[in-house]
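Just so you know, these numbers come straight off a predicted model, no measurement behind them. Order of the sequence lines fixes the chain letters, A, B, ..., with proteins taken first and strands second; residue numbering starts at 1 for each chain.
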Number of protein chains: 2
Amino acid sequence: MENEEAPNALREAREEFVSQWGTIGNAWGINRTMAQIHALLMTSSKPLSTDEIMEDLQISRGNANTNLRDLVGWGLVRSVLRKGERKEYFEAEKDVWKMFCIITRERKRREISPAMDVLRKCGEKTKVLKTPEAKEFSAQIQALLDFLKIGERVMESVAASEQNKVMKLAFKLCT
Amino acid sequence: MENEEAPNALREAREEFVSQWGTIGNAWGINRTMAQIHALLMTSSKPLSTDEIMEDLQISRGNANTNLRDLVGWGLVRSVLRKGERKEYFEAEKDVWKMFCIITRERKRREISPAMDVLRKCGEKTKVLKTPEAKEFSAQIQALLDFLKIGERVMESVAASEQNKVMKLAFKLCT
DNA sequence: CCATACTTTCAGTAAATACTGAAAGTCCAG
DNA sequence: CTGGACTTTCAGTATTTACTGAAAGTATGG
């Protein structure tokens, strides 16, 4: 009896983690299922197949497939092939620092760069104008752009740095 | 003719900025209208009333009101009352560093803290378990938690620091 | 008070997003 | 080849999220 307890407690905790992580992911603008699959794989001791994931999360094959592809696209999950088996298995990157770097780079690419493009374009069009209103507009756009430029560089640098180096600076900041 | 050109170019650039910023906001997980109102106010040389915003973005009163309230809730917009008028006017925080601090604090509160709560809860339940699987799970949860702990502190510190101090460190990182 | 100028709320509806499941596609072993 | 094991796609559908507009609420000057 007692040796049954531990696995159950684990299963429950894991189930809660997976379910809650879905909600968290949602708040981050990531879809629920994708976050849940990620949580599942992050805490799995072995790679899982599409069918195991479908079974575990009670989702359709299409849904599982799409979200797994997206996770692979992000670089947060990779597929592994077992010798002598056709089926594809999936495992998550578990190193937290590596995860962070991947997410940082991806956010830079998806969120910062397009915003900078928009700002640059609007800046171009207005920086030649001479009315006070136009100058004010132009200055505000430029201020946003300058800030994002720095942000972009910092994100790239952080994602390319050794964890230690970043942690030291982080510590410096917090004292 | 020539002195008509400038205002039009400005109007167009601004229109494009507002519209595109909505799309960007969407990619950031912020709703389109809220991002557009923010863009509008950020680049307005004077505070705007609800009616002006409705007119400009072609949206309903309810929509305008809700999103303005949300922006005020974030601290990115404040309402100003003109003496002798009942109507409420709105203006955005334009200082980019201040905007960044507000957003950082808010993201910490809305995105990091709830995730940490979940992790702590799941960690509690499993750290007493002795099976290898449970230990692995527990370790992974702990690794995530430790990382977010640092992240939380960094975000708070950054948002509380002088811009200069942070910029210096940013520069250090990028060299 | 009450008329008026304004703001908030919310039921109903529209639009966007996510999911299903079955059909089509791919790939390989025999 | 071809049969089966597996993956991908996508039209149709469900769910979630955002928006409208009118009614209800609030506050103030007269």
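- A/Tyr89 is not listed as a side-chain neighbour of A/Thr50, based on a closest heavy-atom distance of 4.5 Å or more.
- Taking only side-chain atoms of A/Ser60, from C-beta outward, the nucleotide of D/dT8, C/dT7, C/dT20 with the closest atom is C/dT20.
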Tell me, with the steps shown, if A/Met42 and A/Trp21 meet side chain to side chain contact (heavy atoms under 4.5 Å, CB included).
-> CA-CA 11 Å; A/Met42 256 200 310; A/Trp21 204 250; 4.1 Å; yes
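- Taking atom CG on B/Asn63 and atom P on C/dT9, their separation rounds to 15 Å, with Å as the unit.
- Evaluation of the ring pair (Phe, Tyr, Trp, His ring centres under 6.0 Å) rule for B/Trp28 yields no partner, not counting sequence neighbours.
- For B/Lys168 (side chain) and B/Gln163 (main-chain N/O), no donor-acceptor pair under 3.5 Å exists by modelled atom type.
- Using cut-offs of 30° and 60° for the angle between ring planes, the B/Phe147 and A/Phe100 rings count as tilted.
- Rounded to whole Å, the distance from CG on A/Asn67 to P on C/dT17 is 15 Å.
- Rounded to an integer number of Å, the gap from CE of A/Met54 to C1' of C/dT20 is 10 Å.
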Just do the salt bridge (charged side-chain N to carboxylate O under 4.0 Å, His left out) check on B/Glu156 and B/Arg153 with the steps written out, would you?
-> CA-CA 5 Å; B/Glu156 183 52 42; B/Arg153 287 191 61 199; over 6 Å; no
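- Distance B/Arg61 CZ to C/dT8 C1': 11 Å, rounded to the nearest Å.
- Between the side chains of B/Glu88 and B/Ser79, at least one donor N or O sits under 3.5 Å from an acceptor N or O.
- Remark: A/Arg69, A/Arg86, A/Lys87, A/Glu88 in residues 68-92 of chain A come within less than 4.0 Å of DNA chain D through at least one heavy atom.
- By the neighbour-count criterion of 12 heavy atoms within 6.0 Å, atom NZ of A/Lys98 is sparsely surrounded, having that number or fewer from other residues, nucleotides or ligands.
- Applying the 4.0 Å criterion to OP1 and OP2 of D/dT7, one finds that A/Asn65 has every side-chain N and O outside that range.
- Only B/Asn31, B/Thr33, listed by number, bring a heavy atom of residues 24-53 of chain B to less than 4.0 angstrom from any atom of DNA chain D.
- Among the nucleotides C/dT20, C/dT8, D/dT20, the one closest to the side chain of B/Ile59 is D/dT20.
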